[in-house]
Amino acid sequence: MSLKSLLTTVALQGVAEARARIFGHILNPTGKRSPHKILRKKLIGEKVAQWYPYDIKNDDPLVLAREEKERLAKLEMLKRRGKGPPKKGQGRRAVKRNK
């Protein structure tokens, strides 16, 4: 490699680095994969969260208590019909294992 070509490559590399620094670009001379393109995008979580209205049910303890009471009443009704959840250790997997 001659001295002239070496100086040329070093000068071009310096120019590229300066350009990247000035314009805020990320320099990737090796061309390897980088997550920078993905990380550069704006996050959309706030926009998605704003789309759905605020649920006031979670603030009111009376509403939560009523929902819990309804859940327990439904569970009791299912148990009376024999459709409730099995006792611990007597579910489908335990029955399968004992066969």
Side-chain angles (χ1 to χ4, degrees):
M1 223 168 143
S2 67
L3 182 65
K4 185 176 180 183
S5 64
L6 186 66
L7 286 174
T8 308
T9 55
V10 170
L12 286 174
Q13 191 175 11
V15 169
E17 287 175 7
R19 185 178 348 139
R21 208 174 311 117
I22 291 168
F23 294 112
H25 297 159
I26 300 296
L27 197 62
N28 187 7
T30 57
K32 289 189 176 175
R33 289 179 61 157
S34 166
H36 182 261
K37 184 177 176 182
I38 297 162
L39 294 173
R40 195 175 54 213
K41 289 184 179 176
K42 289 182 183 174
L43 299 174
I44 61 166
E46 284 293 321
K47 290 262 187 204
V48 173
Q50 287 173 3
W51 179 261
Y52 295 98
Y54 181 71
D55 191 13
I56 58 172
K57 287 195 297 186
N58 295 334
D59 289 345
D60 194 0
L62 295 174
V63 173
L64 288 175
R66 192 187 79 222
E67 285 181 348
E68 181 68 14
K69 196 187 282 185
E70 287 174 2
R71 185 184 74 80
L72 291 174
K74 182 179 177 186
L75 193 61
E76 183 64 35
M77 192 174 66
L78 286 170
K79 278 184 184 175
R80 274 190 263 131
R81 287 181 15 214
K83 301 287 186 180
K87 290 179 186 169
K88 188 172 180 181
Q90 295 182 0
R92 189 183 300 162
R93 289 179 75 178
V95 171
K96 241 185 200 177
R97 191 175 26 193
N98 291 337
K99 281 187 178 177

Pairs meeting criterion salt bridge (charged side-chain N to carboxylate O under 4.0 Å, His left out) with involvement of residues 39-57, two or more places apart: Lys57-Glu67
According to a hydrophobic-cluster definition based on side-chain heavy atoms being under 4.5 Å apart (Ile, Leu, Val, Met, Phe, Trp, Tyr only), do Tyr52 and Ile44 belong together? yes
Hey, quick one: are Val10 and Leu7 part of the same hydrophobic cluster, counting side-chain heavy atoms closer than 4.5 Å, chains of contacts allowed? no
Does a sphere of radius 6.0 Å around [atom1] in [X] hold more than 12 heavy atoms from other residues, nucleotides or ligands, not counting ones at 6.0 Å or beyond?
| X | atom1 | value |
| --- | --- | --- |
| Leu39 | CG | yes |
| Leu72 | CG | yes |
| Leu6 | CG | yes |
| Ile38 | CD1 | no |

Where [X] and [Y] come nearest, the two heavy atoms and their spacing:
| X | Y | answer |
| --- | --- | --- |
| Ala94 | Gly89 | CB-O, 3.2 Å |
| Pro86 | Gly91 | CG-CA, 3.8 Å |
| Ser34 | Asn28 | CB-ND2, 4.5 Å |

Within-4.5 Å side-chain heavy-atom neighbours: Arg71 and Lys74: no
Does Pro85 reach the side chain of Leu78, with side-chain heavy atoms less than 4.5 Å apart? no
Can you measure from CG (Leu62) to NZ (Lys69) and round to the nearest 0.5 angstrom? 10.0 Å
Got a donor-acceptor contact below 3.5 angstrom from the Asp60 side chain to the Leu64 backbone? no
